[in-house]
Amino acid sequence: MLVVLALLFGVFLGTGVFAIILAAARRGRAAMEVTNTAVPDGVDQVIEALESAAVVIDPSNSVIKASPGAFTFGLVAHGVLVHPTLSDIVDKVRRDGEPVTQELHLSRGPFGDANLFLFVRVARLGARYVLLLAEDRTESFRLDEMRRDFIANISHELKTPIGAVGLLAEALVSASDEPEQVKRFAKRLTKESERLARITQEIIELSRLQASDALSKPELVDIDNVVAMAIDQNRVAAEAHDVNLVTKAKSGAQVYGDETMLVTALDNLISNALQFSPSRSRVGVGVIRRDDVIEIAVTDQGAGIPADEIDRVFERFFRGDPARSRNTGGTGLGLSIVKHVAQNHSGDVRVWSQLGKGSTFTIRLPEATSALAKTQGVQK
Ligand code: ADP
């Protein structure tokens with residue numbers, strides 16, 4: 001790989017290694033050709049051999065060659081670079097003649113707020129062209145972020161119940177001669193330990209989600225199945241709350257991803273909807289297919305979310321004003337988990353809500369199309 005890289009940079013630094021690459025050109029051409037404009041022959045083979053995504057851009061900023069990785073990362077569409085930031089770097093390199101190396105956060109899909117973290121190198125390729133190489137550093141960035149978050153979460157959220165357990169244990173000792181007091185403290189001790197267990201469980205789940213990528217080994221997932229499973233998991237709770245949990249007819253929609261993760265996300269939305277619904281109201285789950293996007297919506301007729309809280313509900317550990325909602329015993333991690341699942345599937349989650357009227361949470365996911373299958377490297 002080092003040799004190939006050296007060869008490649010040899011090409012665009014114009015140091016004469018070009019001839020060697022020309023010789024390699026005769027062994028066939030595999031990099032995707034976007035137009036037929038001639039590019040120095042050997043470049044194809046080198047691009048093929050590189051692990052990085054590679055794009056060759058001509059003087060009019062048209063992409064004339066792009067490796068499959070460049071399409072998978074969503075860097076190229078309709079023969080041009082998708083992200084203006086990348087076009088700006090290409091222009092700068094063309095203007096100054098100096099190679100540029102930069103770390104960039106770019107959006108991952110056509111919509112949603114999932115990011116790619118790329119290490120990008122751009123340099124001139126001969127007199128006419130510019131070569132862009134991009135390496136995916138999302139995984140290592142995600143691990144770093146996870147480590148940071150985990151420490152912050154532990155210190156903020158576990159401190160209170162751990163402190164309470166300590167105090168209650170002391171209280172138990174001093175009340176050892178009063179059986180009623182002992183019972184009362186023991187009860188509270190059990191409640192605090194259950195809370196600790198729930199928070200720990202959800203932090204682990206969230207960390208696992210942040211560390212993994214549903215699309216690294218994507219499977220074809222039937223959304224109607226996901227809805228049916230999530231509804232099944234909430235039947236008992238719906239009866240307990242006396243809420244009518246309904247879903248519409250079959251959609252036939254499919255996505256690439258991880259079924260268990262998607263069921264967990266929808267389960268969280270439905271159980272929230274039930275928690276915040278008054279008895280004898282209705283919670284509906286619907287699936288809509290629109291322009292290669294699948295929308296799964298959970299609608300309730302519950303308390304709604306005040307305007308000043310709506311932007312914060314997806315934050316880790318955010319809980320609404322307890323004065324307004326009944327004590328749900330929630331950890332404030334549910335919607336954070338939903339957000340990560342949606343992002344891991346190159347999608348997003350949105351909320352519409354009106355106080356006193358109810359809320360609709362919508363997960364949007366790219367539909368499994370044959371074009372997407374190609375970029376994900378999946379057999380349909
Ligand atoms: P939890 O439910 O464990 O408290 P979540 O992350 O699931 O944590 O939700 C965060 C907050 O968002 C909740 O405490 C609540 O204030 C608000 N919320 C979530 N879903 C709804 C809903 N369907 N209706 C009203 N408020 C909601």
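The structure presented is a predicted model; accordingly, all values stated were derived computationally and were not measured.
- Interatomic distance, OG1 of Thr264 versus CG of Asn268, reported as 7.0 Å (0.5 Å rounding).
- Through side-chain heavy atoms spaced under 4.5 Å, either directly or across other Ile, Leu, Val, Met, Phe, Trp or Tyr residues, Ile204 is tied to no other residue.
- Two different hydrophobic clusters hold Leu266 and Ile288 under the rule that ILVMFWY side chains link at heavy-atom gaps under 4.5 Å.
- Here the CZ atom belonging to Phe361 is positioned 13.0 Å from the CD1 atom belonging to Ile270, to the nearest 0.5 angstrom.
- Tested against Ile231, the residues Asp267, Val246, Leu245 include a single side-chain contact (heavy atoms from CB on, under 4.5 Å) partner, Leu245.
- A donor-acceptor contact shorter than 3.5 Å links the side chain of Asp136 to the backbone of Thr138.
- Ion pairing between Arg121 and Glu135 holds under the 4.0 Å rule for side-chain N and carboxylate O.
- Within the structure, side chain to side chain donor-acceptor pair (under 3.5 Å) contacts touching residues 349-363 (residues at least two apart or in different chains) are Thr299-Thr360, Ser353-Ser359.
- At least one donor-acceptor pair under 3.5 Å links the side chain of Thr247 to the backbone N or O of Val285.
- Hydrophobic cluster membership is shared by Val100 and Leu81, with clusters built from Ile, Leu, Val, Met, Phe, Trp and Tyr side chains linked at under 4.5 angstrom.
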Go through it in stages, so that I can follow the logic: the residues are Glu259 and Asn225, the test is side-chain contact (heavy atoms from CB on, under 4.5 Å), and I'd like the CA-CA distance, side-chain angles, deciding distance and then a yes or no.
CA-CA 9 Å; Glu259 186 176 76; Asn225 266 348; 4.2 Å; yes

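- Scanning both residues, Val182 and Ser176, for their nearest heavy atoms gives CG2-CA, 4.0 Å.
- Within the 4.5 Å cutoff, the side chain of Leu262 has no heavy atoms near those of the Ile296 side chain.
- Heavy atoms of other residues, nucleotides or ligands lying less than 6.0 angstrom from CZ of Arg188 number 12 at most.
- At least one side-chain heavy atom of His241 sits under 4.5 Å from a side-chain heavy atom of Gln275.
- For the residue pair Arg280/Asn244, the side-chain donor-acceptor check at 3.5 Å is not satisfied.
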Please report the C-alpha distance between Thr85 and Leu106 in whole Å, then the side-chain angles of each, then the deciding distance to 0.1 Å, and finally whether the side-chain contact (heavy atoms from CB on, under 4.5 Å) criterion is met.
CA-CA 9 Å; Thr85 325; Leu106 298 174; 4.1 Å; yes

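- For the side-chain contact (heavy atoms from CB on, under 4.5 Å) criterion with Val63, the lone passing option out of Leu75, Asp58, Val76, Leu132 is Val76.
- Hydrophobic clustering of Ile, Leu, Val, Met, Phe, Trp and Tyr side chains at less than 4.5 Å, counting indirect connections, keeps Ile64 apart from Val82.
- Residues Leu104 and Phe119 are members of separate hydrophobic clusters, defined by side-chain heavy-atom contacts under 4.5 angstrom among Ile, Leu, Val, Met, Phe, Trp and Tyr.
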Determine, step by step, whether Val263 and Gln233 satisfy the side-chain contact (heavy atoms from CB on, under 4.5 Å) criterion, reporting the C-alpha distance in whole Å, the side-chain angles of both residues, the deciding distance to 0.1 Å, and the verdict.
CA-CA 9 Å; Val263 173; Gln233 291 176 7; 3.6 Å; yes

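- In this structure, Ser277 contributes its side chain and Ala273 its backbone to a donor-acceptor pair below 3.5 Å.
- Annotation: the span from Ser87 atom OG to Arg94 atom CZ amounts to 9.5 Å, rounded to 0.5 Å.
- Between Ala253 and Val287, the closest heavy-atom pair is CB-CG1, 4.3 Å.
- The side-chain heavy atoms of Asn344 and Met261, taken from C-beta on, include a pair separated by under 4.5 Å.
- Both Val283 and Met229 are assigned to one and the same hydrophobic cluster, defined by single-linkage of ILVMFWY side chains at heavy-atom distances under 4.5 Å.
- Across every non-hydrogen atom of Leu168 and Leu189, the tightest pair is CB-CD1, 3.6 Å.
- Ser336 places no side-chain N or O within donor-acceptor distance of the main-chain N or O of Gly332, the cut-off being under 3.5 Å.
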Does Arg312 form a salt bridge (charged side-chain N to carboxylate O under 4.0 Å, His left out) with Glu315? I'd like the steps, not just the answer.
CA-CA 5 Å; Arg312 304 197 52 208; Glu315 281 174 22; 3.1 Å; yes

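- Using a 4.5 Å heavy-atom threshold, the side chains of Val43 and Lys65 count as separate.
- A side-chain donor-acceptor contact under 3.5 Å links Thr190 to the backbone of Ala186.
- Considering only heavy atoms from C-beta on, Val349 comes within 4.5 Å of Phe314 through its side chain.
- Legend: residues meeting salt bridge (Lys or Arg N to Asp or Glu O under 4.0 Å) with Arg95, ordered by chain and number and at least two apart, are absent.
- Interatomic distance, CG of Leu333 versus CD1 of Ile199, reported as 7.5 Å (0.5 Å rounding).
- In this structure the side chain of Val255 reaches within 4.5 angstrom of the side chain of Ile223, judged on heavy atoms.
- Not one N or O on the side chain of Glu192 forms a donor-acceptor pair closer than 3.5 Å with the backbone of Val165.
- No donor-acceptor distance shorter than 3.5 angstrom exists from the side chain of His340 to the backbone of Leu335, with no hydrogens or angles considered.
- Using a distance-only test at 3.5 Å, with no hydrogens or angles considered, no donor-acceptor pair links the side chain of Asn61 to the main chain of Ile57.
- Not one N or O on the side chain of Ser52 forms a donor-acceptor pair closer than 3.5 Å with the backbone of Ala54.
- Every residue two or more places apart in sequence or in another chain that forms a ring-ring contact (aromatic ring centres under 6.0 Å, His included) with Phe117 is listed here: His105, Phe141.
- Put simply, the side chain of Ile203 does not reach to within 4.5 Å of the side chain of Arg316, judged on heavy atoms.
- Take Phe185 and apply the ring-ring contact (aromatic ring centres under 6.0 Å, His included) test, not counting sequence neighbours, and it matches no residue.
- Between Leu172 atom CG and Arg184 atom CZ the span is 10.5 Å, to the nearest 0.5 Å.
- The minimum heavy-atom distance between Gly69 and Ala53, with the atom names listed, is C-CB, 3.6 Å.
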Given side-chain contact (heavy atoms from CB on, under 4.5 Å), test Gln254 with Glu367 step by step and report yes or no.
CA-CA 6 Å; Gln254 291 182 312; Glu367 184 165 13; 5.9 Å; no

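- No salt bridge links Lys250 with Asp224; every basic N to acidic carboxylate O contact stays at or beyond 4.0 Å.
- Note that CD1 of Ile47 is 8.0 Å distant from CG of Leu133, once rounded to the nearest 0.5 Å.
- Across Ala368 and Leu220, no two heavy atoms sit closer than the pair CB-CD1, 3.5 Å.
- In this structure, Ala237 and Leu274 approach most closely via the heavy-atom pair CB-CD1, 3.9 Å.
- At least one side-chain heavy atom of Ser107 sits less than 4.5 Å from a side-chain heavy atom of His83.
- Under 3.5 Å, the side chains of Arg198 and Gln201 contain no donor-acceptor pair of N or O atoms.
- For the salt bridge (Lys or Arg N to Asp or Glu O under 4.0 Å) test, no residue two or more places apart in sequence or in another chain qualifies with Asp177.
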